[in-house]
Amino acid sequence: MDLSGTRLLKANRATVWAHLNDADTLRAAIPGCETLTGSPEEGFEAVVKQKVGPVKATFKGKVTLSDITPAESYTIAGEGTGGVAGFAKGGAKVRLSDNEGGTELSYTVEAKVGGKLAQLGGRIIDSFARKMADQFFDNFQEQIDGPLDPEPDTDASPAA
């Protein structure tokens, strides 16, 4: 399954690039991520809990960065095993470009599953992969720009 999208971030390209390489930002952005340790140079190790359809699993695996062009692009790839649930692997090609008012982040995501997860069917897997990618990039954007949809102020009372 492949999908792509773009995000306009308010920060400059150097700031966005720094966040793309920061373990704390990535840990907060990866949906269900419990731990993420390591470095961009050595790679990261992650523990992620997810529910795909009726299957719940804790995935343990690696996240690596490759095809790195500093402050411009890279490929982030993850692969994990979830015991009897099977395995999941995927990656995103991420590209940054300057845009009026910030930085445009464009991405192309690829995801694959095997084992019990693969038996769930293409529609469930495709929907899950799309949801995970959207959540990752929503979470990433919030790490940089702050909340995407601020809550309305419920304390304000109407003028009398």
Side-chain angles (χ1 to χ4, degrees), residues 1-53 57 59 61-80 82 87-114 117-118 120-153:
M1 131 135 254
D2 294 334
L3 58 108
S4 59
T6 60
R7 298 292 175 116
L8 183 58
L9 304 167
K10 296 175 189 171
N12 64 37
R13 195 188 316 191
T15 300
V16 174
W17 183 256
H19 279 281
L20 281 171
N21 288 277
D22 179 68
D24 290 335
T25 301
L26 293 174
R27 179 177 33 256
I30 297 169
C33 187
E34 293 188 336
T35 63
L36 182 78
T37 58
S39 68
E41 300 78 26
E42 304 283 321
F44 300 99
E45 293 204 8
V47 175
V48 177
K49 279 192 177 176
Q50 277 301 325
K51 182 175 188 240
V52 185
F59 294 92
K62 295 191 177 288
V63 177
T64 57
L65 307 179
S66 61
D67 305 324
I68 299 169
T69 304
E72 188 175 312
S73 64
Y74 74 20
T75 300
I76 182 169
E79 183 171 347
F87 72 88
K89 65 173 154 178
K93 293 182 191 298
V94 179
R95 178 167 299 280
L96 303 178
S97 58
D98 294 326
N99 190 303
E100 189 174 324
T103 301
E104 182 175 281
L105 181 152
S106 58
Y107 59 90
T108 303
V109 175
E110 180 182 322
K112 297 177 184 165
V113 296
L117 290 173
L120 294 175
R123 287 192 327 187
I124 291 174
I125 298 301
D126 289 354
S127 173
F128 175 75
R130 187 173 316 282
K131 179 178 137 191
M132 290 292 287
D134 286 344
Q135 281 184 334
F136 174 87
F137 287 106
D138 283 350
N139 293 345
F140 182 79
Q141 187 168 0
E142 284 186 7
Q143 290 296 305
I144 296 172
D145 292 347
L148 297 180
D149 293 316
E151 292 294 318
D153 186 4

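Since the structure is predicted, the reported quantities are computational estimates derived from the model, not experimental observations.
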*Asks:* Tell me, please, which residues at least two apart from Glu45 pass side chain to side chain donor-acceptor pair (under 3.5 Å).
*Replies:*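 Once residues adjacent in sequence are excluded, the partners of Glu45 under the side chain to side chain donor-acceptor pair (under 3.5 Å) criterion are Lys62.
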*Asks:* Are the side chains of Leu26 and Ile76 in touch, meaning some heavy atoms are under 4.5 Å apart?
*Replies:*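 They are in side-chain contact.
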*Asks:* Minimum heavy-atom separation for Asp145 to Ala11, with atom names?
*Replies:* OD1-N, 3.9 Å
*Asks:* Quick one: ring pair (Phe, Tyr, Trp, His ring centres under 6.0 Å) partners of Tyr107, sequence neighbours excluded?
*Replies:* Phe137
*Asks:* Please give me the minimum heavy-atom distance between Thr69 and Trp17, naming the atom from each residue.
*Replies:* O-CH2, 3.7 Å
*Asks:* Nearest 0.5 angstrom please: Asp138 CG to Lys131 NZ, how far?
*Replies:* 12.0 Å
*Asks:* For residues 25-53, which residue pairs pass the ring-ring contact (aromatic ring centres under 6.0 Å, His included) check, not counting sequence neighbours?
*Replies:* none
*Asks:* Which heavy atom of Ala129 sits nearest to which heavy atom of Ala111, and what is that distance?
*Replies:* CB-CB, 4.0 Å
*Asks:* State which residues pass side chain to side chain donor-acceptor pair (under 3.5 Å) with Thr15; sequence neighbours excluded, sorted by chain then number.
*Replies:* Asn12
*Asks:* For Thr25, enumerate each residue passing the side chain to side chain donor-acceptor pair (under 3.5 Å) test, keeping only those at least two apart in sequence or located in another chain.
*Replies:* His19, Asp22
*Asks:* If the condition is side chain to side chain donor-acceptor pair (under 3.5 Å), which residues does Asp67 pass it with, not counting sequence neighbours?
*Replies:*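 Per chain and number, Asp67 pairs via side chain to side chain donor-acceptor pair (under 3.5 Å) with Thr75.
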*Asks:* Applying ring pair (Phe, Tyr, Trp, His ring centres under 6.0 Å), can you list everything that pairs with Phe87, at least two apart in sequence or on another chain?
*Replies:*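 Not a single residue meets the ring pair (Phe, Tyr, Trp, His ring centres under 6.0 Å) criterion with Phe87.
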*Asks:* What residues, two or more places apart in sequence or in another chain, satisfy side-chain contact (heavy atoms from CB on, under 4.5 Å) together with Ala133?
*Replies:* Leu3, Val109
*Asks:* I'd like a table of donor-acceptor pairs (distance under 3.5 Å, sequence neighbours excluded) in which one partner is a side-chain atom from residues 27-36, with atom names and distances.
*Replies:*
residue, atom, partner, partner atom, Å
Arg27, NH1, Leu36, O, 2.5
Arg27, NH2, Asp24, OD1, 2.1

*Asks:* Provide the closest heavy-atom pair for Phe128 versus Lys51 in the form atom of the first, atom of the second, distance.
*Replies:*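 Taking every non-hydrogen atom into account, CE1-O, 3.7 Å.
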*Asks:* So which atom in Phe140 and which in Val16 form the shortest heavy-atom distance, rounded to 0.1 Å?
*Replies:* CZ-O, 4.0 Å
*Asks:* Rounded to the nearest 0.5 Å, what separation is found between the CG atom of Leu20 and the OG1 atom of Thr103?
*Replies:* 10.0 Å
*Asks:* Gly82 and Ala57: which non-hydrogen atoms are nearest, and at how many Å?
*Replies:* O-CB, 4.0 Å
*Asks:* Tell me which donor-acceptor pairs under 3.5 Å the side chains of residues 92-101 have, and how far apart each pair is, sequence neighbours excluded?
*Replies:*
residue, atom, partner, partner atom, Å
Arg95, NH1, Glu72, OE2, 3.2
Asp98, OD1, Arg13, NE, 3.3
Asp98, OD2, Arg13, NH2, 3.1

*Asks:* Who pairs with Thr64 by side-chain contact (heavy atoms from CB on, under 4.5 Å), at least two apart in sequence or on another chain?
*Replies:*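 Ala77.
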*Asks:* To the nearest 0.5 Å, what is the distance between CG on Leu65 and CD on Glu41?
*Replies:*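 Rounded to the nearest 0.5 Å, the CG-CD separation comes out at 8.5 Å.
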